[in-house]
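These notes concern the structure reproduced below.
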2 protein chains.
Amino acid sequence: MEGPYIRRRRPREPGYLLAEYYLKPKGITQTDFAAATGLTRKHISSVIHGRASITPDTAVRFAEVLGTSPEYWLNLQTAVALWDARQALKDDPSIQRRRFAGNGDDGPAA
Amino acid sequence: MEGPYIRRRRPREPGYLLAEYYLKPKGITQTDFAAATGLTRKHISSVIHGRASITPDTAVRFAEVLGTSPEYWLNLQTAVALWDARQALKDDPSIQRRRFAGNGDDGPAA
DNA sequence: GGATATGTAACCTACCCGGTTACACGCCGC
DNA sequence: GCGGCGTGTAACCGGGTAGGTTACATATCC
């Protein structure tokens with residue numbers, strides 16, 4: 001194998017999962033969910049459409065209302081953010097890759 | 001038991017672990033590490049002292065240079081951020097807790 | 001006295017979270 | 001037709017913060 005496993009496709013936005021697997025099945029409107037979380041209707045809409053991301057604050061609010069764990073929502077978000085960061089830095093020459101990696105595969109010691 | 005397990009004390013800053021378990025043991029200076037990651041010396045110092053947090057961008061840079069996973073650094077950071085968010089929202093009245101929680105412990109169905 | 005490593009302050013730019021207000025559209029029931 | 005509801009979205013704003021530049025101070029070691 002060559003290198004760590006990296007998703008080929010961008011992970012789903014957490015907002016998609018919120019709408020598809022929580023709000024829709026339970027028949028919860030965005031308006032009601034906004035009221036329950038203490039956020040604005042507009043902000044919930046932004047999250048669902050991927051224009052706003054899940055912050056720690058948002059994750060705790062979602063978790064408290066839905067009875068899930070905050071880590072669940074936050075991990076979904078960081079997966080997306082990490083994927084984006086990897087893409088952006090893929091060939092960035094300002095990084096000296098494996099410069100201080102633990103094992104001695106940085107060439108012969110001589 | 002009552003409620004989810006929550007750390008009593010704030011998790012360690014990832015910067016502390018960077019300095020204590022990576023830079024110091026390997027004899028890497030902040031200056032060299034900054035050069036290797038493509039960040040500024042000042043910014044590395046800020047991360048180590050908890051004045052700047054690990055973003056996805058930073059996590060990827062650290063991982064590439066040290067040969068670890070980006071998730072490692074990012075998870076350390078989100079653990080701290082989540083702890084802070086939980087504290088800040090602990091008694092926030094704008095959240096309707098368990099309003100849409102799945103199981104029916106929201107009272108008798110009458 | 002030099003060079004090196006670090007902390008830190010002031011200042012700046014860019015980004016983005018989350019809010020407010022307002023308008024437009026589609027659907028439903030009357 | 002018309003009003004209410006749920007939703008999308010645009011414009012605008014305040015505040016926070018990532019990360020940079022420059023500069024100065026300190027401590028250590030040669």
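Proteins get letters first, then strands, A, B, ... in listed order; numbering begins at 1 in each. What's counted below: heavy atoms across the whole structure, side chains too, no hydrogens, waters or symmetry copies.
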Practice problem: Please confirm whether any donor atom in the side chain of A/Arg41 sits under 3.5 Å from an acceptor in the base of D/dG8, or the reverse. | Solution: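 When only heavy-atom distances are counted, A/Arg41 does reach the base of D/dG8 through a donor-acceptor pair under 3.5 Å.
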Quiz item: Does any donor-acceptor pair link the side chain of A/Lys42 with the base of C/dG19 at a separation under 3.5 Å?
Solution: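 Under the 3.5 Å cut-off, the side chain and the base do form a donor-acceptor pair.
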Using the side-chain heavy atoms of [X], tell me which of these nucleotides is nearest: [options].
X	options	answer
B/Thr55	C/dG19, D/dT9, D/dG19	D/dG19
B/Gln30	D/dA18, C/dA5, C/dG7	C/dG7
A/Arg51	D/dT9, C/dG18, D/dG20	D/dT9
B/His49	C/dG7, D/dT9, D/dA18	C/dG7

Can a side chain N or O of [X] be found less than 4.0 Å away from OP1 or OP2 on [N]?
X	N	value
B/Thr58	D/dG19	yes
B/Thr31	C/dT6	yes
B/Ser46	C/dT8	no
B/Thr40	D/dT21	no
A/Ser45	D/dT7	no

Quiz item: Under 4.0 Å between a Lys/Arg side-chain N and an Asp/Glu carboxylate O for A/Glu71 and B/Arg86?
Solution: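 B/Arg86 and A/Glu71: salt-bridged.
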[atom1] of [X] versus [atom2] of [N]: gap in Å, rounded?
X	N	atom1	atom2	value
A/His43	D/dG14	NE2	P	19 Å
A/Leu18	D/dT7	CG	P	11 Å
B/Ile95	C/dG18	CD1	P	12 Å
B/Ile44	D/dG20	CD1	C1'	13 Å
B/Gln77	D/dT17	CD	P	12 Å
B/Lys24	C/dT6	NZ	C1'	12 Å
A/Asp84	C/dC15	CG	P	15 Å
B/Leu39	D/dT17	CG	C1'	15 Å

Quiz item: Side chain of B/Gln77, backbone of B/Ile54: donor and acceptor closer than 3.5 Å?
Solution: yes
Quiz prompt | Whether A/His43 side chain and A/Leu39 backbone form a donor-acceptor pair below 3.5 Å | solution = no
Quiz item: How do A/Ile48 and B/Asp57 order along DNA chain D: which one's closest nucleotide is nearer the 5' end?
Solution: A/Ile48
Quiz item: For the residue pair A/Tyr72 and A/Tyr22, does the interplanar ring angle fall in the parallel (under 30°), tilted (30 to 60°) or perpendicular (over 60°) class?
Solution: tilted
Quiz item: B/Tyr16 vs B/Tyr21 aromatic rings, parallel, tilted or perpendicular, using cut-offs 30° and 60°?
Solution: perpendicular
